[in-house]
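Here is the naming used below: chain letters follow the sequence lines, and residue numbers restart at 1 for every chain. The figures that follow rest on heavy atoms only: side chains count, while hydrogens, waters and symmetry mates do not.
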Amino acid sequence: MEAGLLVQMLLGALLGLSVYLPLRCGQLSLATPGFFAIGGTVAALLSTRVPALAGSGSTYPIASVLLEMVLAALLTGVLALVLGRMVLRLRGIYLAIATIALVEILRVVTLNLEFTGGAVGIFGIPQPFQSAEGYGAFTLVLLALVCWMCDRLEKTRPGRAMAAIRDDELAAASQGINTADTKLLAFVLSALVAGITGVVAAHFLNSWNAKLGNFDASITTLAFVVLGGSRTWLGPVFGGLLLTALPELLRPVGDLRLIVFGAVILVGPLIFPQGLITLERLQALWRRRPPWLALPSNRGRR
Amino acid sequence: MDHLLQLLLNGLAVGAVYALFALGYTLVFSVLGVINFAHGALFTLGAYFTYLLIGGAVGANGLIAGLQLPFALPFWLALLLAGVGAAAVALVVERIAFRPLRARGSDPLLALITSLGAGVILVNLIQLLVGAESYSIPVGTLGSLPVALSIAGAKVRTVQLLLLAIAGVLLLALTIWIDGSRSGKALQAVSEDPVTAQLLGINSGRMIQIAFGISGFLAGMAGGLVGLSVSIAGPYFGIGYGLKGLGVLVLGGLGSVPGAVLGGLIIGLAEACVPADFSGYKDAVAFGFLFLVLLIRPQGLLGRPLAEKV
């Protein structure tokens, strides 16, 4: 498999996690591509318009990429904080529609503004890595960090509060959980992940335009989570990797590619309503593990 | 003054199409509480059906390149049949993407994904068959009707008036059916509560099929009408209308039939009023409305207040 596809798969996994975070508290938000687009635009603008960031070497400094990530995180975070307060009062399909509207408004504005390059976009974004392998390693570290955050979230108080809200919002509120703040936390985290992913994607893709944050992207990223499963962070990661690779793996079937993709998201939820990766399946796998996989502590007790 | 009349008629004609489109959404939403994301694809399908049935030839890029039907139907009949064709496909979509989920009692939000999968398949199937190029329905299709009329000094395209008239008739027929007929009342009962409706002797599954059929019919007709008045801009052109339709739906109130009509007309008029210098922002109008309505009045203009269920 070529390294370029691997980078795209890893970026897909990151976007899957971004959709998964609000879904953890039962909030179906399709805003991820919007924040992804903002992150990409921030990176594209800063790296092509600010000479000070380019450094003196032949490659674009990684420190500048990190700085772009911080700025993108700040911007998307603040935006998510403000917008989240407004839209998170809505539920279910209403929230989904409101976030679709957000993404579309953002797309139309980016398309029409002078400094974002309009319909053509921004070209010649400088490269911090010479090879796709470099991007692969960088994205892998990023993905590992976000996975670690999600794993911590599943095991700590705010994360458990999110699960409680997903199962029953009123019951959670009656147990003293601040539902508004918890939902907002998930929404902001989701925006941060999407924004930072956008920065990496902009450098990797070398150019950036308004098309990258459109409705299609909303649905593709949602499909990552629905097919992978939204009960544990492994689900969206798996879904993102698989579904990003799928169109490429299907290249031999040529024009039928997107039809098969459509069939997967049509049939997937029918066969696996909980997604491919559920806690039950993970536990079953763990019980049937080969003996050499046993945990050291278990062996000691026996 | 003539300029204003022209603006008004243009806005109303576009709005009427939006209304037809949103009505399809609203019918399905009222019985199932979910949005059919394949609706935009049905709209596209209607446009292509119409084009083929009036004797249009397929371009050079698809699998069925160069195909042309041996007959050419008059526009009104082609439009009607296109609606029926889209309705048939809508029934298939219901069967594959909605019914299995309903039978299992799964999370209704999953239908969002499955219906979108159905839409993706349909749109790409069209692209595979007829290619991605745009088609336009020739002006001569309307037979002896003049291209433009002059009303009170304003020049108005006949197509716009036709569009308004057909949309008006359809809306009226739908309203009469829902409020006046036995099956229309049954549909209302199902949208109130499918289980209770079933207990009262209404075949809920059947009513859901009827809702899908009508919804597909309206989408197909709307597609054909837009194909006639503007052009068929490729297999994906229904998606944009599909998204704007969401704005119309929310503005009027989810599940409300008069709301969908009012919402369509308001957004059509608002878009017509966008000054030419800002025409790039026209596509954001519907979403701006959508966003504001959701924040200020989530039930929409004519919808019922949202009940918090415990």
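- In this structure, A:Glu154 and A:Arg24 have side chains that are in contact, with non-hydrogen atoms separated by less than 4.5 Å.
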Any chance you could lay out the ring-ring contact (aromatic ring centres under 6.0 Å, His included) test for B:Phe291 and B:Phe287, step after step, and finish with the verdict? CA-CA 6 Å; B:Phe291 199 65; B:Phe287 302 108; over 10 Å; no
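- Heavy atoms of A:Leu113 lying under 4.5 Å from chain B belong to its backbone as well as its side chain.
- Counted by atom type alone, A:Thr221 and A:Thr32 present zero donor-acceptor pairs between their side chains at under 3.5 Å.
- With chain A as partner, the option from B:Val285, B:Val120, B:Ile121 having the largest number of non-hydrogen pairs under 4.5 angstrom is B:Ile121.
- Using a 4.5 Å cut-off between non-hydrogen atoms, the part of residues 239-254 of chain B that approaches chain A consists of B:Ile239, B:Leu243, B:Leu246, B:Val250, B:Leu254.
- Between A:Trp208 and A:Thr41, some side-chain heavy-atom pair lies under the 4.5 Å cut-off.
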Show, in sequence, the C-alpha distance, side-chain angles and deciding distance for B:Phe212 and B:Phe98, and conclude whether the ring-ring contact (aromatic ring centres under 6.0 Å, His included) test is met. CA-CA 10 Å; B:Phe212 266 91; B:Phe98 288 86; 4.8 Å; yes
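- Here B:Leu292 contributes atom CG and B:Arg297 contributes atom CZ; the two are 14.0 Å apart, rounded to the nearest 0.5 Å.
- Interatomic distance, B:Phe289 CZ to B:Leu301 CG, rounded to the nearest 0.5 Å: 9.0 Å.
- Across B:Ala284, B:Ala111, B:Ala286, the residue that shares the most heavy-atom pairs under 4.5 angstrom with chain A is B:Ala284.
- A:Leu88 CG to A:Ser29 OG: the interatomic distance, rounded to the nearest 0.5 Å, is 8.0 Å.
- Contacts of B:Phe29 with chain A are made by side-chain atoms alone, with heavy-atom separations under 4.5 Å and no backbone atom involved.
- Interface summary for chain A: among B:Ile96, B:Leu110, B:Leu116, B:Thr114, the most heavy-atom pairs under 4.5 angstrom belong to B:Thr114.
- When heavy atoms are compared at a cutoff of 4.5 Å, B:Leu290 approaches chain A solely by way of its side chain, counted from C-beta outward.
- Formation of a donor-acceptor pair under 3.5 Å by the A:Gln27 side chain with backbone atoms of A:Cys25 is found in this model.
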Please list every donor-acceptor pair under 3.5 Å in which a side-chain atom of residues 226-245 of chain A meets a protein atom from a residue at least two apart or in another chain.
from	atom 1	to	atom 2	distance (Å)
A:Thr232	OG1	A:Leu234	N	3.1
A:Trp233	NE1	A:Asp151	OD1	3.1
A:Thr244	OG1	A:Gly240	O	2.3

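- Smallest separation of non-hydrogen atoms from A:Ala80 and A:Ala191: CB-CB, 3.5 Å.
- The greatest number of non-hydrogen atom pairs below 4.5 Å with chain B, out of A:Pro273, A:Ala263, A:Gly262, is found for A:Gly262.
- Rounded to the nearest 0.5 angstrom, A:Leu270 CG and B:Arg104 CZ are separated by 6.5 Å.
- Using a 4.5 Å cut-off between non-hydrogen atoms, the part of residues 97-110 of chain A that approaches chain B consists of A:Ile97, A:Ala98, A:Ile100, A:Ala101, A:Leu102, A:Glu104, A:Ile105, A:Val108, A:Val109.
- Of the atoms belonging to B:Phe37, it is side-chain heavy atoms, and not backbone ones, that fall under 4.5 Å from chain A.
- Ring geometry for B:Tyr25 against B:Phe21 counts as perpendicular: the plane angle is over 60°, on a 0 to 90° scale with 30° as the lower cut.
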Between side-chain atoms of residues 230-237 of chain B and protein atoms elsewhere (two or more places apart, or another chain), which donor-acceptor pairs fall under 3.5 Å?
from	atom 1	to	atom 2	distance (Å)
B:Tyr236	OH	B:Asn124	OD1	3.2

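- Residue contact with chain A, scored on non-hydrogen atoms closer than 4.5 Å, involves the side chain of B:Leu128 exclusively.
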